[in-house]
Protein chains: 2
Amino acid sequence: MVQIPNQQPDPRPPSSDASSRSGESFTSGDSAEPAEPVAPSVPTSADVARLAGVSRATVSYVLNNTGAVRISEPTRHRVREAARELGYVPHAAARSLRAGHTRIVLLPTPEMPAGPLHSAFLNELQWALSRLDHTVVQYGSVGLTGEDAARAWAELRPVAVLAPTGIGPDGTAVLRRSGTKAVLTLGPEPVEGAHALLMDQRTVGRAAAEHLRSRGHDRIGVVMPREHGLDAYAEPRLEGVRATGAEAVPLPLSYEEEDAARLARELRDGGPGAVFAYNDEYAMLLMRALQDAGADVPGDVAVMGADDLMLGRLLRPRLSTVRVDLPSGREIAELVDRLVRDPAAEPLVRDVLGATAIAREST
Amino acid sequence: MVQIPNQQPDPRPPSSDASSRSGESFTSGDSAEPAEPVAPSVPTSADVARLAGVSRATVSYVLNNTGAVRISEPTRHRVREAARELGYVPHAAARSLRAGHTRIVLLPTPEMPAGPLHSAFLNELQWALSRLDHTVVQYGSVGLTGEDAARAWAELRPVAVLAPTGIGPDGTAVLRRSGTKAVLTLGPEPVEGAHALLMDQRTVGRAAAEHLRSRGHDRIGVVMPREHGLDAYAEPRLEGVRATGAEAVPLPLSYEEEDAARLARELRDGGPGAVFAYNDEYAMLLMRALQDAGADVPGDVAVMGADDLMLGRLLRPRLSTVRVDLPSGREIAELVDRLVRDPAAEPLVRDVLGATAIAREST
DNA sequence: TTGAAAGCGGTACCAG
DNA sequence: CTGGTACCGCTTTCAA
């Protein structure tokens, strides 16, 4: 709960003096006002109405092109002109307060720096949602627990939320109670009450391990990045390897040449004959170190990456990898849009993370 | 004199449909309502007040821990309990409408996929702003011109905006008129009326070219990625090379092996003896192609990257590069915070993009 | 210590 | 065709 009490003195004390409001002294043609203290307040529709000599209602009709009401062309023009002159911009909060709902879609700001693929997915999603006329808000939950984070999010009254799995059933409930039409979770497992976009990293580990086993390796080293924040991906990938029945050997590794050299020596001198290196970048690091240590890839040690980056194709030997398929942002955006329109829809569960082994020369 | 008549509270307006609002029929002691069709509407502070048997004012006091008012402990407890029971979450829009200001900081959603460095910067910035208790909103302007985008942003009444340079002085003005306390621009040149965080990619090109010239190359090939969206970076980098007085030869290149092979052959058979390859990834692609084409690096062609990725150190020869220094997100977040507190501050101009050549073996 | 009520800026009814 | 006005949910005076 982010209840920071407003320490600030009310900037707008209820001055009982009638019209302390500015903008009263506008003489149409008068342009040279020397001592102009400048309007310190932002223009409202009332200001526009006053300047155009109409009511606020009319201003609203004109500016929103309300179809059900007919406004004469001259009036329309006067209103528009006044709005332009004042630099009037409607107040979204006021509008949605009145409307009873927003067009906000909340996206999770991943606590940890996500991979480039995931970032790209989020970016595309964001773009697609914008195109569908949604206001995309990224809200950093900054270390709040699932339910507290949900409460913080709910304050914005988003029409939809794409939350990480950690939100839990309770968080989901909080959001739904506060009017969120669609709660989708992104993560390895479904959450009760929410739609699930299953992204299970175990799939990636499994694809890698299956390929390696088909090459005759039953004992597989699995690189576990020491870099903080990556365990969220690394752990399940390890599990996925295990799930194939292979013997998985965790291999902690920092993204530095020195540590890679150490690991390379260890591997050269014994250990699993195949390594699933977490992703292409760690794979490249390890492969280089292996080669520098005089080990043959894949002869002595087979190395497999993940993510299918271009760099894998440029290495020698060419790097075998796992291609990870994320759904297109547009696709998910459309799904969100549909779910918002049908809030009562049965919670759907959809697997959106595909993994395919790509055999090249390093395995 | 057109005095707007003070709206007098009409005690009984002829509203035909009296109370369509639910919850009006509470008979004090009546608590056991059997057929509860569940409240379909989201709970408001009024609901909490009713359940706790106090006024809305009291609810507000309790929930916000208002210091200036003393509320008895039993009452506080009743209110909190009621809020919990209803799953009450305050309505941010209503609150900021009343308060007259938001805590929203608007970040640009880059139209084009930005580089990993820039993404990392934005992520960190976002995180830091959240920590400073700002609501970070990413708003995709989806192909609106500077001023239109500004208008769209202004609807949210953000307290600060970090806009791309494209917003222009007019866009800046729109935002300021609608109450934005601080407008910062991220880009190559200052914008009138806004604070400028100068990120001039020419610096990168210049650093590369200076290094290459110190190696005796006065004619420098400059890779121009064909991938859409990268020209925004590539063009100024090219300019930067030119600015050193070197003869710059644009070298269009797609991020594919085939096109790289083509370019490599051309370079092998003549042309500039040095290439600034846009960044480390294009450099790697090109270097591989060069080697496959039988050209020696740096003997026949010197290759320089940018971004100082780890992969550069893993290549053979090791890749010379330009390290690009972006400011830390925390730093900028604090700057924003300060500027918001001092809206009248002189527009400041700050250079935030550093570039240093790192000589390794490829040049 | 608590309650009544006035708005914040817009929208959409209803009457003229 | 246009104006008056009652809300939306919340905060914050002022009075009791």
Side-chain angles (χ1 to χ4, degrees), chain A residues 3 5-6 8-16 21 41-49 52-64 66-76 78-79 88-102 155 157 178-179, chain B residues 2 4-21 41-49 52-64 66-76 78-79 88-102 155 157 178-179:
Chain A
Q3 288 294 22
N6 278 339
Q8 317 186 17
D10 193 334
R12 205 184 354 293
S15 61
S16 45
R21 210 76 184 129
S41 61
V42 346
T44 74
S45 82
D47 296 322
V48 176
V54 299
S55 73
R56 279 158 67 219
T58 305
V59 171
S60 176
Y61 293 144
V62 172
L63 264 29
N64 294 326
T66 307
V69 200
R70 254 133 190 64
I71 306 283
S72 70
E73 204 39 64
T75 305
R76 301 180 95 86
R78 282 218 318 287
V79 170
Y88 168 73
V89 174
H91 193 307
R95 179 179 290 173
S96 51
L97 181 56
R98 170 66 220 220
H101 60 89
T102 69
E155 295 194 356
R157 297 292 189 273
S178 59
Chain B
V2 187
I4 303 297
N6 279 341
Q7 291 137 308
Q8 308 182 16
D10 195 328
R12 260 312 124 234
S15 84
S16 41
D17 137 88
S19 61
S20 61
R21 205 64 193 138
S41 62
V42 346
T44 76
S45 80
D47 296 321
V48 177
V54 298
S55 74
R56 280 156 65 219
T58 305
V59 171
S60 178
Y61 291 143
V62 172
L63 263 30
N64 292 328
T66 305
V69 199
R70 255 129 187 68
I71 306 282
S72 69
E73 203 41 63
T75 305
R76 301 178 95 83
R78 284 219 315 288
V79 169
Y88 168 72
V89 174
H91 193 306
R95 178 180 289 175
S96 50
L97 183 56
R98 168 67 222 217
H101 61 86
T102 69
E155 295 196 357
R157 296 289 188 273
S178 59

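This structure is a prediction, so every number in the text was calculated from the model and none was measured.
- Contact annotation: A/S60 side-chain N/O to C/dA12 OP1/OP2 distance is not under 4.0 Å.
- Looking only at side-chain heavy atoms (C-beta outward), A/H91 and B/L97 come within less than 4.5 Å of each other.
- The side chain of A/S45 contributes an N or O atom lying less than 4.0 Å from OP1 or OP2 of C/dG10.
- Distance, B/Y61 OH to D/dT11 C1': 8 Å, rounded to whole Å.
- Each of D/dG3, C/dA5, D/dG9 was ranked by its minimum atom distance to the side chain of A/V54; first place goes to D/dG3.
- Base contact: A/R98 has a heavy atom under 4.0 Å from a base atom.
- One finds a side-chain N or O of A/S72 lying less than 4.0 angstrom from the OP1 or OP2 phosphate oxygen of D/dT2.
- Contacts of A/V62 with the nucleic acid, taken as non-hydrogen atoms under 4.0 Å apart, are absent.
- Contact between the side-chain N/O atoms of A/N64 and the OP1/OP2 oxygens of C/dG10 is not found at any separation under 4.0 Å.
- Atom CD of A/E155 is separated from atom P of D/dC8 by 20 Å (rounded to the nearest Å).
- Side chain of B/R56 to main chain of B/S45: no donor-acceptor pair is present (N/O by atom type, distance under 3.5 Å, no hydrogens or angles).
- Distance A/L63 CG to C/dG9 P: 16 Å, rounded to the nearest Å.
- Two end axes, each from the C1' atoms of five base pairs, can be drawn for the helix from C/dT1-D/dA16 to C/dG16-D/dC1; they diverge by 50°, to 10 degrees.
- Atom CZ in B/R157 sits about 9 Å away from atom P in C/dG9, given to the nearest Å.
- Between D/dG3 and A/S55, a contact under 4.0 Å exists linking OP1 or OP2 to a side-chain N or O.
- A residue-by-residue look at B/R76 and A/P90 shows that B/R76 has its nearest nucleotide of DNA chain C further toward the 5' end.
- One interatomic measurement links the two molecules: NE2 of B/H101 to P of C/dG9, which rounds to 13 Å at whole-angstrom precision.
- The minimum heavy-atom distance linking B/L63 with B/V79 is given by the pair CD1-CG1, 3.9 Å.
- Closest to the side chain of B/A94, out of D/dC8, D/dC10, C/dG10, is D/dC10.
- We find that CZ of B/R95 is positioned 5 Å from P of D/dT11, with the value rounded to whole Å.
- Partners of A/S60 by side chain to side chain contact (heavy atoms under 4.5 Å, CB included), not counting sequence neighbours, listed by chain and number: A/N64.
- With hydrogens and angles ignored, the 3.5 Å screen pairs no side-chain donor or acceptor of B/R76 with any backbone N or O of B/V62.
- Heavy atoms only, all atoms of each residue included: B/S72 and B/T75 are closest at OG-OG1, 2.7 Å.
- Here A/A99 pairs with A/H101 under the side chain to side chain contact (heavy atoms under 4.5 Å, CB included) rule; sequence neighbours left out.
- Within the 4.0 angstrom heavy-atom criterion, no nucleotide atom of any strand lies near A/V59.
- Rounded to whole Å, the distance from CD on B/E73 to C1' on C/dT1 is 13 Å.
- Contact check, A/T75 against D/dT2: a side-chain N or O comes under 4.0 Å of OP1 or OP2.
- Note on A/R56: every side-chain N or O is 4.0 Å or more away from OP1 and OP2 of C/dG10.
- Residue order along DNA chain D, read from the 5' end via each residue's closest nucleotide, puts A/A57 first among A/A57 and B/A93.
- Between A/S96 and A/R157 there is no side-chain heavy-atom pair separated by less than 4.5 Å.
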